[in-house]
Structures are given as structure tokens and as C-alpha cells.
Participant: 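Have a look at this one.
So you know, we letter chains A, B, ... as the sequences are listed, proteins then strands, and number each from 1.
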There are 2 protein chains.
Amino acid sequence: MHQDWFTTLAQYGYRLTGSRKAVVEIISSSTQALTPIEIYERARKVNDEIGLVSVYRTLEKLEELKLIQRVHQPAGCQAFMVASREHQHLLLCSQCGEIRFFEGDDLGSLIHTIAKKTGFEINDHWLQLFGVCQKCKTGQEAGA
Amino acid sequence: MHQDWFTTLAQYGYRLTGSRKAVVEIISSSTQALTPIEIYERARKVNDEIGLVSVYRTLEKLEELKLIQRVHQPAGCQAFMVASREHQHLLLCSQCGEIRFFEGDDLGSLIHTIAKKTGFEINDHWLQLFGVCQKCKTGQEAGA
DNA sequence: CTCTTATTGAAAACTATTTTCAATTATAGG
DNA sequence: CCTATAATTGAAAATAGTTTTCAATAAGAG
Ligand SMILES: [Mn+2]
Ligand SMILES: [Mn+2]
Ligand SMILES: [Zn+2]
Ligand SMILES: [Zn+2]
């Protein structure tokens, strides 16, 4: 997966540097949403030269290219994760932070009804489900 | 409506001060989500002594009492609006910022399916619809 | 009216993010 | 390979948003 990201970055004329590679590898392989600081701390274990500022700059570019997306949670909205290619929704574990995509919502008729009732032209929606994952339910520790 | 809020605040032992009244009146009568700064600026027109810090402190208390809620939007997540008493969802106009509640989503069967498929125990959800309100569609300016 | 204690605004502190800048380095072209 | 050039870097400064500290004030119980 991160190979694809490198290709995309290169296509857009961005150079492949050590700092960028570290950030890309960390985010693209995480099953949790990560904040800039969390990414920075993980990246430093690989490359202790990296600056937090490069994490921010890389996140900015990855978001522009729609390779990552911001995740909104009750605890805060600074975390990022891999973006879904298609229209999908999130399922989040409130305990360990694991995040999964799911698809197949059938909001069509609801959206139609609300549009008719309110006069709004509805063109997007956010749906997120919150819960406790299987691992956390059974008491196991979750892998980071 | 803000009369009820004053009563609730008093019941919890909070005093009714000019600063609080201003914040309460502004939020409880707005059809848009407002940021702390926006509230502050509006409040100053009524009471030019008020400090931004009191806006923050009042928001904190109103949120604790569940009289207001934070609104998450693509442009940012610092805005607040009246909280719905019951389980409801938001419909937001991307153009003028108007926000409405709606109810009657039928996510039950979707949630059941996802729970079964993933092993998650799902206990909450967020649903927001984004679009353009009637006023904005027909080109009128929206009232603040 | 008085007393107590919550609340206030200003200022300082803190946190998160962005900008500035000179030094470095990826990469296109030779 | 080398070279030239423009993108990228990390440090430091700047900015923005929010919280804490503090002495002064004022709400409200009695
Ligand atoms: Mn959907
Ligand atoms: Mn619902
Ligand atoms: Zn979990
Ligand atoms: Zn509108």
C-alpha cells in the first residue's frame, strides 16, 4: 500500500525523502487513527532526525491527495488515518481506538425523505458507529 | 428556551451573571453553530465588559449540563449549538451554516448487520447530512 | 444588609499549528 | 557519475486557540 502512495506522491512532483517515507509507512500501516505527535514519536524511532514540522507538512500533502483523512471523535479531531477509496463509513472502538471501514449503508430513502421535508439539497453525509471491538470485549489487549 | 437554561444553571448552583446570560441568549437563539470567538463578538455588542475567558467557561458548563453540543464540520470542530434533548441527527447547510435536527433514521438493521459481521458491540452513532438549504438554493442571503 | 463564595476579566501560561529561513538534498538533465 | 536547481528539511520564531492563575467583584443565601 505505501508503495502506491510513494508513486502518487512522485506523480505529483513531490520528492521521496526519508521524513516522508517514515510518515507514510506509519500511517498506511496503522489500524488506529494517529495524531501528529503520535506519528512524530513513532517516526523518531526510525529516524531520530525528523522534525514535527515535517510530519505536519506531510500530513497536509497526503490529505490533499486524499490518501489520508481526518477522524473526528468525541475525544478530539486531530487524528488521521488511511482514507477510503470509495464512499465508506467508520466503525470505531472507543476502548482501543481500532478503526474499520464499512460500506453498504442504505441511507438513500432517509436522505430523500429529509430532503423533501426540509427543502435541502443533500449532497454528502457522515456516518460513524462507535462501540467496543471483539478483542476489547473479551478483555485482551489490543495491538497498536 | 433560555429561561429553562437559566433555571437549570441555577439548580446546579451556578450564579446568573451578565456574562452567562449573554452567552446563553446568543447560543440558544442561533440557528447556526457558533465558535467561542463568534459568541464573544456578539456578546460584546450587548456587554462590552465581557471577557473571552467567560465565554469559554460558560461553554464548558453548558456542555457539561448537555444544553449545548459541539458541532463537527469539515471546516472545523470548535463550534457549538443547542443540544438536542432526544437522539437526533444534524442536517447542515454548507453555504450559510444553518443547522437543523432531524430524527427518524432507521439504522437499526444496518447496525445489527455490522455488529454481526465485525464482532463489535455498537452503542452509539453519529450521522450528519450536508447540503444546501432552500434559502441558499434560491440565492437569498441567509439570516444570521 | 452582610457574609460567603462563585465568578469575573486581565495577564500569563500552555498547547497545537504555521511561517520563516538558511542549510541540505532529491532528482532531472547532461 | 556530475551538476544545477528547486523542493525539502529542521530549528526557531510566530501565530492561534484554550486554560490557568490571581486579585477584585458581585450573586445570592440568610
Ligand atoms: Mn454513506
Ligand atoms: Mn440515530
Ligand atoms: Zn478495541
Ligand atoms: Zn443555507
Participant: Take the protein atom CZ of Arg44(A) and the nucleotide atom P of dA11(D), then report the distance between them rounded to whole Å.
Facilitator: 9 Å
Participant: What is the distance from OH of Tyr14(A) to P of dT8(D), rounded to the nearest Å?
Facilitator: 7 Å
Participant: Could Arg100(A) and Phe120(B) be counted as a cation-pi pair, given that NZ or CZ must be under 6.0 Å from the ring centre and within 45° of the axis?
Facilitator: no
Participant: What is the distance, to the nearest angstrom, from the CD atom on Glu38(B) to the P atom on dA16(D)?
Facilitator: 16 Å
Participant: Using the ring centroid of each side chain, check whether His125(B) and His89(A) are separated by less than 6.0 Å.
Facilitator: no
Participant: Quick check for you: to the nearest 0.5 Å, what is the distance between Arg42(A) atom CZ and Lys45(A) atom NZ?
Facilitator: 7.5 Å
Participant: Could you tell me which non-hydrogen atom of Glu38(A) sits nearest to which non-hydrogen atom of Leu34(A), and how far apart they are?
Facilitator: OE1-CA, 3.2 Å
Participant: Between dT9(D) atom P and Lys21(A) atom NZ, what is the distance in whole Å?
Facilitator: 12 Å
Participant: So, does Ser19(B) get its side chain near the phosphate of dT7(C), meaning an N or O under 4.0 Å from OP1 or OP2?
Facilitator: no
Participant: Considering only dT18(D), dT25(C), dA26(D), which nucleotide approaches the side chain of Arg15(B) most closely?
Facilitator: dA26(D)
Participant: Can you tell me the distance, in whole Å, between the CZ atom of Phe80(A) and the P atom of dA16(C)?
Facilitator: 14 Å
Participant: How many Å lie between CG on Asn47(A) and C1' on dT9(D), as a whole number?
Facilitator: 11 Å
Participant: Are His72(A) and Trp126(B), when compared by the centres of their aromatic rings, separated by less than 6.0 Å?
Facilitator: no
Participant: Nearest 0.5 Å, please: how far is OG1 in Thr8(A) from CG in Leu67(A)?
Facilitator: 5.5 Å
Participant: Does Gln78(B) or Leu16(B) map to a spot on DNA chain D nearer the 5' end, using the closest nucleotide for each?
Facilitator: Gln78(B)
Participant: Using whole Å, what does the distance between atom C1' of nucleotide dT18(D) and atom CD1 of Ile39(B) come to?
Facilitator: 14 Å
Participant: Take a 6.0 Å sphere around CD of Glu49(B) and say whether it holds more than 12 heavy atoms from other residues, nucleotides or ligands.
Facilitator: no
Participant: Rounding to an integer number of Å, can you tell me how far Leu9(B) CG sits from dT7(C) C1'?
Facilitator: 13 Å
Participant: List in numerical order all residues of residues 51-62 of chain B for which some heavy atom is under 4.0 Å away from an atom belonging to DNA chain C.
Facilitator: Gly51(B), Val53(B), Ser54(B), Arg57(B)
Participant: What's Ile37(B) touching, base or sugar-phosphate or nothing? Going by heavy atoms closer than 4.0 Å.
Facilitator: nothing
Participant: Does a side-chain N or O from Thr17(A) land closer than 4.0 Å to OP1 or OP2 of dT8(D), or not?
Facilitator: no
